Amino acid sequence: MSSLFRTPVAAVGGLVALLCVLIASPGIAEPFKLAPNTKVEVSIIQWNPTKAEYQRWDALSGTFVVSPDYTLSMPVLGSVDVTNQSSIDIADRIASALKEKVGLLNLPEVTVEVAEYPPVYVVGSVNQPGEYSYRPGLTVLQALALSGGRYRTDEPGGKGVLSLSGELEIMRADELRLVGRIARLEAEFTGATEITFPSELTASPNRSLVDEIVSLEKIIFAARVKETDRQLVTLSELDDLYNQELDTLHARAAAGDHSIQLAEKQLAGVTELYNKGVSTLSRQADLERVVADLRVERLVDDTEMMKVRQSLSLNRRNELNVEDQRRTNLAIDLRDARAELDRLKSRQITVESLLMEASGGAVPVETSDETALVFEIVRHANGRGVSQAATESTFLEPGDVLKVDPAGRPKNTGPGTVMSSDPSSPQSREHTVPLPTAKPPLAAGSS
């Protein structure tokens, strides 16, 4: 008798186990469709009649992320399309696909639970724009509270925009100065007679600064050319002095050679007379000493001429070194200037991004607490963003972008616009802080 009831009792136990698994699951099936970047926990179990128990398929279960093209990449099944599917729809699709793929007689038990939602984004007239974690039931009013409430100009954010704008203006001025300096260095390096300034400098609307940079670089260019010319002229004059000294030594050497020839001729005559007994030995000795002294002086002249030639050669090498050293220094200065320009542009892009975030996210428009706020939700659907009006009680979905603006803001009031709270003041007109246009990073070595 006990064997007759074994299977039903085991089946009841298996059903109880299944109910426990489903009840213990922390996730909540969502009524809306799953958005990209949603993390889901997939759990697959199946009744095993031979063991009279439910078994979990750990190889196929786990955490998966919805891709931007609305698919789940799963073992065995590959890419599972989840477009316009809720978690319940996805569970049914996975169960059917597994039955067909593996050849099961019955559908396996599949649960799909959301483990982590994509964040929502709050921008506009709020104190702390940015991304925030989504939770089911999140309303527009709750998202406004998460972002610090409505923006007020007495908050530190307004000062941050002005500080970043001032820093950016300084960087732009430094960039123009570096561009002018590089143009002057290139003209010096190539031996040009004048500087060709690029349109990056000449087309700048800051005319007073451009004129100052152009004038200063032209003065430096002319002064450096004159300095090099003076060095070369000085060395050339020294060449002339060495050549004159060499000519004098040559003339003196020629005179010395002539004196030696005369002394040697006279010595030969005296020697002949001495051999005949007409002249004395002392006379011959005196003439030999004279010839020896003249030859010593001649050697001294040769030594002096050698020293002058060495000095002349060294001076000519100095002339060449002046130009070589000048080109070397110019190459180093040009390399450093271009590197500094690249670093400055990189820092400028960073400041521009911070300024865009500070002024583009938190539009500094002064409003009172009584001013109503206008809400707009941008929700991606079918590959594009769709805008819709919202109220404080509107529910948000994962991945939504909530725009918050004060009612009655001027149409031309954009990011970076600051309004005065005193309507009778001349400063009540909007003052726009210039916002940058994002530029891609420069390649290494470009100027």
Side-chain angles (χ1 to χ4, degrees), residues 27-40 65-71 82-90 112-152 155 157 161 353 356-417 419 435 438:
I28 302 175
E30 297 304 326
F32 47 75
K33 313 307 178 186
L34 296 187
N37 299 320
T38 302
K39 291 184 180 181
V40 296
V65 180
V66 179
S67 67
D69 58 350
Y70 292 91
T71 61
V82 297
T83 305
N84 295 326
Q85 301 289 310
S86 66
S87 57
I88 299 176
D89 299 331
I90 297 171
V112 177
E113 302 162 352
V114 176
E116 182 179 332
Y117 297 93
V120 295
Y121 303 87
V122 183
V123 297
S125 186
V126 294
N127 274 322
Q128 297 175 0
E131 67 175 47
Y132 296 91
S133 299
Y134 175 83
R135 63 175 182 271
L138 182 67
T139 64
V140 168
L141 184 59
Q142 291 170 342
L144 177 63
L146 290 175
S147 59
R150 69 169 67 230
Y151 179 85
R152 295 177 176 82
E155 297 289 334
V161 171
S353 301
M356 282 182 177
E357 181 180 350
S359 55
V363 181
V365 178
E366 187 169 336
T367 60
S368 65
D369 291 340
E370 290 76 18
T371 304
L373 294 177
V374 178
F375 304 103
E376 180 184 358
I377 296 176
V378 179
R379 182 171 297 162
H380 285 272
N382 299 324
R384 63 188 184 91
V386 179
S387 299
Q388 64 183 56
T391 64
E392 292 181 348
S393 59
T394 301
F395 290 99
L396 295 176
E397 293 186 7
D400 282 352
V401 178
L402 174 62
K403 294 182 178 180
V404 182
D405 287 316
R409 189 179 69 177
K411 293 293 184 181
N412 58 349
T413 302
T417 304
M419 299 291 291
L435 295 183

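Remember, it's a predicted structure, so these values are computed and weren't measured experimentally.
With sequence neighbours excluded, the residues forming a side-chain hydrogen bond (donor to acceptor under 3.5 Å, both in side chains) with Thr394 are Thr391, listed by chain and number. Every side chain to side chain contact (heavy atoms under 4.5 Å, CB included) that Tyr121 has, sequence neighbours left out, goes to Pro119, Glu131, Val401. With sequence neighbours left out, Glu116 forms a salt bridge (charged side-chain N to carboxylate O under 4.0 Å, His left out) with Lys39. Listed by chain and residue number, nothing satisfies the side-chain hydrogen bond (donor to acceptor under 3.5 Å, both in side chains) test with Asn37 (two or more places apart in sequence, or in another chain).
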Would you please test Arg379 and Asp400 for side chain to side chain contact (heavy atoms under 4.5 Å, CB included) and show each step? CA-CA 5 Å; Arg379 182 171 297 162; Asp400 282 352; 2.7 Å; yes

Please walk me through it: do Ile377 and Val140 pass side chain to side chain contact (heavy atoms under 4.5 Å, CB included)? CA-CA 9 Å; Ile377 296 176; Val140 168; 4.2 Å; yes

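When side chains are defined from C-beta on, Phe375 counts as touching Leu144, because their heavy atoms get closer than 4.5 Å. Here the side chains of Ser133 and Tyr117 are not in contact, with every heavy-atom distance at 4.5 Å or above.
Taken to the nearest 0.5 Å, the CD atom of Gln142 stands 10.5 Å off from the OG atom of Ser393. Going from atom CD of Glu392 over to atom CG of Leu373 covers 7.5 Å, rounded to the nearest 0.5 Å. Separation of atoms CG (Leu141) and CG (Leu402) is listed at 10.5 Å; rounding is to 0.5 Å. Note that the CG atom of Leu146 and the CG atom of Leu138 stand 6.5 Å from one another [nearest 0.5 Å].
What you find for Gly124 and Asp405 is that their closest heavy atoms are CA-OD1, 4.5 Å. Across all their heavy atoms, Asn127 and Gly148 have their closest contact at ND2-O, 3.2 Å. The minimum heavy-atom distance linking Val112 with Ser87 is given by the pair O-CB, 3.4 Å. Between Val120 and Pro398, the shortest heavy-atom contact is CG1-CA, 4.4 Å. Residues Pro129 and Val123 share a closest heavy-atom pair of CB-CA, 4.2 Å. Contact detail for Pro118 and Pro36: the closest heavy-atom pair is CG-O, 3.2 Å.
Judged by distance alone, with hydrogens and angles left aside, the side-chain atoms of Tyr134 form a donor-acceptor pair with the main-chain N or O of Leu396 at under 3.5 Å.
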